[in-house]
Structures are given as structure tokens and as C-alpha cells.
S.K.: 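So that we are looking at the same thing, I have put the structure below in C-alpha cells.
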Amino acid sequence: MNNAIIVMKKELARVFLDKKLIFSLFILPAVLMFGIYSIMGSMIGRFSSDIMEHISKVYILNAPEDFKEKAENKGYFDIADVTVLPSDTSAETITTVKDDILNGDAELLVEFDKDFINTASSYKNEGDAIPNVTIYYNTSGNYSNAARNNFVNLILDDYKNTILSGRFGGNLEVLNAFNVKNEVIVNEDKANGEFLGMLVPYLIVMLLFSSAMGLCVDAIAGEKERGTLASLLLSPIKRSELVFGKLTALSILSTLSAIVYSVSLILAMPLMGSSGTMSELNMNVHFSAFQIISLLIIMVALVYMYVGIISVISVLCKNTKEASTYISPLYILIIVAGMLTMFQGGVEKSDLLFAIPVYGTALSIQNIMTNELTALQLAFSAGGTILAGVVITFAIAKAFKSERIMFNA
Amino acid sequence: MIEVKNLTKVYKLSKRKMAELKTKDSIKRAADGISFTAKPGEIYGLLGPNGAGKTTTLRCIATLLKPTDGSVAVCGHDTVKESTKVLERIGFLTNEIKLDPNFTPKYLFSFFGRLHGMSESEIDARRNELFKYFGINDFEEKKIEELSTGMKQKAAIAVCLVHDPDVVIFDEPTSGLDVITARSVTDMLASLKERGKTVIISTHIMSEAEKLCDRIGVIIDGKKICEGTLDEIVNSTGAADLEDAFFTLYKENHKEEA
Ligand SMILES: Nc1ncnc2c1ncn2[C@@H]1O[C@H](COP(=O)(O)OP(=O)(O)O)[C@@H](O)[C@H]1O
Ligand SMILES: [Mg+2]
């Protein structure tokens, strides 16, 4: 045990005595995360305000007589540059306008049926003519979409109300069958917990693996490649002590790195700007001591197992390149396992499923978030993962004893 | 004391290795029935050309490889059954095994000292002695990766002697070193012998074997061809010096593979 601690300290010293490594492992990810999020936030902000401020170029064909007056009243001329086309406009001009819309040089062409108002107001019985308004716009242009929405909301709705109120003698309430009132009844903790319950297991399961990946490949396959692992095999200590020391140190480092990632991820999210749902969410979920302790137990077991799995592959490979090649598909598998739980919320799971490494862990974290984890599930989940970790430790120790694996012999 | 009895080591060859060695055999007998004994207070030399099986033999002594046949005992402990006991008593230096480039000589010296169960004061005393002898103090705080070949080799030797082992196994200890550094290494080996250690080295350099070794075992194609003191080997072949003797033995015993 003493020897395992000596080995562990050396592995930790490798990182903590090296300013460059500290920077690239713990500081750079946080800086990057904040950088990416604030750039994304300011881009989204600029994008939406740009659309709001844009004056759209709008063409109206066969405008009703009172169009100008209505548009003036609604302040429509402040947001649109309107050209009213006379009813004898040539087909070529119309085509040019449509091309402009396609190219993004104009946003909107609205064509009213001739005699629009008269046709609409003279409607009496079923079968009478209903006039058309045709709107030409470009669904792939953000400005064009916004221009269409503005036109419908400001001008057409107004026409609709005027015409309908003429038809029903000023009483539009006849058109309203009932009102729907939304009264939200929600337990804030559980609602937020459910959201976190979806996101956090996924993040933990994934981030822990990705942080462990680089570290372990270098510490095992890298050391093998550089010929430094063999120097450890010349020391008179048990192989299992050597493996346990190394894996423990790697687990600590991976956990730290994953914590840096998730903390900066959560802290950086508000930088995305007010448009995101994240900032509207009240993140003040209250965790009980049991929740926190179970989360810790599960994470520690999980990270040790991850480190073990990656190390098993690393020790079997000749160099870091080969190891990375084999570990990448595994990473995808882990991401899928995490995602599975994301989309399977709510269904009752047999307690035994919690003993399945990775999958059971994600289930447990999900239940911790919603405070539904039972002690039995915790025991199954931690037990399954720890068992896997122990098996893996001895497998690696065995590999360290194999001359074929260590020396190609 | 090292007792090698009928040591045979067979490598299974991968397809790539077979192509590399230009052979059709799927196995390679790197050591083929080698026996010898190296005693305390002597330097035993394994002399042979590249690929003769020297490194293989030394790795079997150092517990890193298991003999396919025969046995090796170090200070009375079998290298397979009691490998930890053997590792406690040996210092093994070989080119393919390197010090971790991210650490300083000072750190690694203490690290391996601790793994050998030494106390901090024992480690300090030993470091003062060895670092002074090899002049390591000047670069003890530099990372291994920043050191020259000679400095690295000095650090590696100091580290493998940290626990003052009874048996010292050096695989081509002077290869790639300048004359001055090589001299400090051979002087160290001579002084270890004076202190009653069992020293075994491998070399393909005749002058080194001549000057340093009390007894020499000549190895060709995995077999020990002859053994004795420098004079005995030279006399038995009727040659003028070791190089001539070695050449005669090589011609007699090396068969070109078909
Ligand atoms: N891991 C291995 N797998 C297959 N063949 C090997 C291996 N190591 C060494 N050999 C072969 O065994 C023979 C002896 O190698 P070695 O003991 O390194 O010789 P030396 O140290 O005398 O130069 C060589 O032909 C070498 O190619
Ligand atoms: Mg060799």
C-alpha cells in the first residue's frame, strides 16, 4: 500500500510540478470554455438585434386604397421601405422583384387580389368569393422571414379584424369559443432537477471519460513507448501496487480536469445571453447530504473504472497512436450510453440494471438529480462499478507481468 | 552470485519480425542452453556480436523475461519463483529501459530509493556519494529530457545503484558514451567489484572486455562457445589477442542461415 502511494505521488508530481501541464490541463479548458461561450453569446446577440434593426424592402401589388393610412397608423413605414406597385405593373418587373427576394436584395412581395376590400366585405353566404393575399418571401433568408411576420402581424391582422368586425357588427367575441388559461403548478426543485437530471449524467459520464482519455493513454501507452514503464517493473514492488498507484493518481487528475470542465461550463452558460433557456432556469436546486454523498461515491467509482478501461487498452497497445485508435470507438459507446439515459427518463427501472457499469451510473446520477435514488440502487451501482474496477486492476497487473505484452517477447 | 543453468529462451516471431530477420522460422532461439556462474568480487563479461543473445540473457537474470527452459538464480533466489527477492538485490542497466524524461535525476533517485524501502536519510547519504562520483550535482534539478546522452547514462547508473545492490547487471554500459564518461563508468564497475559485488556486463567491445573482465563468456548465436580468463581464451585458440581469438571462434561457430 505504501508503495502504491509512492507511485501515485510520482504520477501526480508529473502534472503538478509542470507549469505547462497545469496550464493545458486545468487552466486552458476553463479559458476556452469562457471564450467560446462569450463569443457565441455576443454573436447570437448581434444577430438578433441586427434583424430587428433591419429596414426591409417590401413591394405591394394592388394595395387596397386605405393601405397607406393603415401602415402609417401602425408605424409600418419605420421598419419597412415600401414600394406600392400599380396594378398594371408588367410581368417582367414582378419577376425582377422575385429574383431580388431570392438574392436577398428585397425581402417581401405582397399581392392583394384586385378589389380586395370589396370582395371581402360583400361576403354574405357560404360559397361567396373570398379574396386572396399572396405573400412571396424567402424562407432561407432571416430578414425575409422577419419581414413576413411583421407584415402579417401589423397589417394583415388589422385588415382581418376590420373586415370581420364589419361582418359581425363590431362584436368579435362571437369568434371566441373559450379562453385557455395556463396556471403552472410545479415543484421548482423537481422541475430543475429533471432538467439537470437529463443533462448532468450525460455530462459527467462523457466529460470524465474524455479527461481520462488523454491522461491515461500517455501515462500507460506513452510510458511503454518511451521505455520508462519497464524501469518501474525493475522495482521490487507488487505489480498490483504499481497499477493501483498509477490508476488512483490518474483518477484524481481526471476528476480534477472533469470538474474544471463542468464548473466552467455551468459558470460560462449565462454568457450565452438572455435568449437561451439556460439563463431562465433557476439553478438553485437544493441537494441533500445523501444526494451529494451518493454522487461522490458514484463518480469516484466511475472515474476509477474509466481510467482502468483506458489503461487496459493502453497497456495492450504498442504506442499512444495505436491506443488512441482503439479508445476512440469506446468513447462513442460511452456517449451513447449516456444519451440512452437522457431519453429514457421516467420509466421505472429494475434495481438490477443499476449494477451495469456506465449505464447504471448514468441512471443513478439521473435519480440523484431528482432525489429518487434508493440506497439499494446506490449500492448496486457503486458495487457494479467498483467490481469492474477491481477486475480491471488485476487484469492490468497481469498484463504488467506478461513479457509478451511488456517486451514483445 | 548469479547461477545460470542451461538457460534457453525462445521467442515466437511475428510475421513482421520474421521478415525483419529474413527467416522462415516462426521461432528464434535467442539463448540456447547457456550456463555460467558469476561470483561475488568478480566482473563477468558476456562477449558477443550484435544479436548473439546477450541482452536476452541479462533480461532473464533481471526477472524481466522467463526462461523457456533452464533456470537462473540470483543470490540463491530463482528469478521466476522469487522475482521480488531478486529485484531487491540487483541493479539492472540497459539501453531500452529509460528514465522518465519528465523528471529530474534527483526526483527519480529518491523515487526508486523509496520503492526499495530506503529511508530519506539513507537516500540522501547515497545520493551525496553517487551524484558526487558522477558529477550529477550540476544537473540534478534538470529534467532528464534536457540532458545529453552522457548525462542521462550517468543518471541512469546512479539510479540503478541507489539501493547499493549486491548484483550489478550492465548491458553495454559504455555504448554511445564519450571516452571520459565511459572511463568513469568502467572505474565505477571496478570499484564495485573491489567492494565484493557480483558484476556482470555485456559488450561487443574487445578492449573493454580485455581491461575490465575477470572472466569472459563468449556467446555466438545464443550459445556459449567458450569461457575463461582473458589468457585462457587467447591461449586456447592460439591467437595473438582477444580480437583474434574472438574472430577465430566466430568463424568456427557461426553458421550462415540458408
Ligand atoms: N522480443 C523479441 N522478439 C523476437 N525476437 C527477438 C526479441 N528480442 C530479441 N530478439 C532476437 O533475439 C536475438 C538476440 O537478441 P539480443 O538478446 O537482443 O542480442 P544482443 O543483445 O546480443 O545483441 C536477435 O536475433 C534478436 O533479433
Ligand atoms: Mg543487446
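By convention in this document, chain letters (A, B, ...) are assigned in the order of the sequence lines, proteins followed by strands, and residues within each chain are numbered from 1.
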S.K.: Between B:K143 and A:D18, is there a side-chain heavy-atom distance shorter than 4.5 Å?
M.R.: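 Yes. Closest side-chain heavy atoms under 4.5 Å.
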
S.K.: I'd like to verify something: which residue of B:L65, B:T84, B:V10, B:L108 has the highest number of heavy-atom pairs under 4.5 Å with chain A?
M.R.: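 Result: the option with the highest number of such pairs is B:L65.
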
S.K.: So that I can tick it off, tell me whether B:K98 and A:E223 are bridged by a salt bridge, with the cut-off set at under 4.0 angstrom between side-chain N and carboxylate O.
M.R.: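 No, A:E223 and B:K98 are not salt-bridged.
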
S.K.: What's the spacing between A:L233 CG and B:L87 CG if we round to 0.5 Å?
M.R.: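 Nearest 0.5 Å value for the CG-CG distance: 9.0 Å.
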
S.K.: Sort B:F112 into side chain, backbone, both or neither according to what part of it lies under 4.5 angstrom from a heavy atom of chain A.
M.R.: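 Contact with chain A is through the side chain of B:F112 alone.
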
S.K.: Compare every heavy atom of A:T228 with every heavy atom of B:P101, then report the nearest pair and how far apart it is.
M.R.: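 Nearest heavy atoms, B:P101 then A:T228: CD-CG2, 3.8 Å.
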
S.K.: For B:F92, is it the side chain, the backbone, both or neither that has a heavy atom under 4.5 Å from a heavy atom of chain A?
M.R.: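 The answer is both parts of B:F92.
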
S.K.: Just wondering, are more than 12 heavy atoms of other shown residues or ligands nearer than 6.0 Å to CZ in A:F16?
M.R.: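 More than 12 within 6.0 Å, yes.
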
S.K.: Taking every heavy-atom pair that is under 4.5 Å apart, which of A:R404, A:E403, A:E241 has the most such pairs with chain B?
M.R.: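 Most heavy-atom pairs within the cutoff with chain B belong to A:E403.
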
S.K.: Measuring heavy-atom distances to chain A, does B:L13 have an atom under 4.5 Å in its side chain, in its backbone, in both, or in neither?
M.R.: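 Nothing of B:L13, per the 4.5 Å heavy-atom cut-off to chain A.
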
S.K.: Examine whether an atom of B:K17 lies under 4.5 Å from a heavy atom of chain A, and if so say whether it belongs to the side chain, the backbone or both; otherwise answer neither.
M.R.: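 Neither part, no heavy atoms under 4.5 Å.
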
S.K.: Side chains of A:F407 and B:T56, heavy atoms from C-beta outward: is any pair under 4.5 Å?
M.R.: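 They are not in side-chain contact.
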
S.K.: Using heavy-atom distances under 4.5 Å, tell me whether B:L99 contacts chain A through its side chain, its backbone, both, or neither.
M.R.: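 The backbone, not the side chain.
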
S.K.: So for A:K238, is it side chain, backbone, both, or neither that comes closer than 4.5 Å to the heavy atoms of chain B?
M.R.: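 Neither part.
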
S.K.: Would you mind checking which part of B:T63 comes under 4.5 Å of any heavy atom in chain A, side chain (CB onward), backbone (N, CA, C, O), both or neither?
M.R.: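 Answer is neither: B:T63 stays 4.5 Å or more from chain A.
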
S.K.: What's the spacing between A:L234 CG and B:S83 OG if we round to 0.5 Å?
M.R.: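 So the CG of A:L234 and the OG of B:S83 are separated by 11.0 Å.
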
S.K.: By a 4.5 Å heavy-atom criterion (distance strictly below it), what part of B:E88 contacts chain A: side chain, backbone, both, or neither?
M.R.: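 Both backbone and side chain.
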
S.K.: Rounded to the nearest 0.5 Å, what's the gap from CD on A:E11 to CG on B:N102? Could you check?
M.R.: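 A:E11 atom CD to B:N102 atom CG measures 9.5 Å (nearest 0.5 Å).
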
S.K.: Just give me the residue among A:L242, A:L21, A:N3 that pairs up with chain B most often, heavy atom to heavy atom, under 4.5 Å.
M.R.: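 The candidate making the most pairs under 4.5 Å is A:N3.
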
S.K.: Between CG of B:L115 and OG of A:S231, what distance do you get to the nearest 0.5 Å?
M.R.: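 Answer for the CG-OG pair, B:L115 versus A:S231, is 9.5 Å.
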
S.K.: Return the CD1 to CZ distance between A:I5 and B:R114, rounded to the nearest 0.5 Å.
M.R.: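 If I round to the nearest 0.5 Å, the distance is 12.5 Å.
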
S.K.: If the threshold is 4.0 Å, N to carboxylate O, is there a salt bridge linking A:K10 and B:D100?
M.R.: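 B:D100 and A:K10: salt-bridged.
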
S.K.: Which region of B:R89, side chain (C-beta onward) or backbone (N, CA, C, O), has a non-hydrogen atom less than 4.5 Å from a non-hydrogen atom of chain A, or is it both or neither?
M.R.: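 Neither part.
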
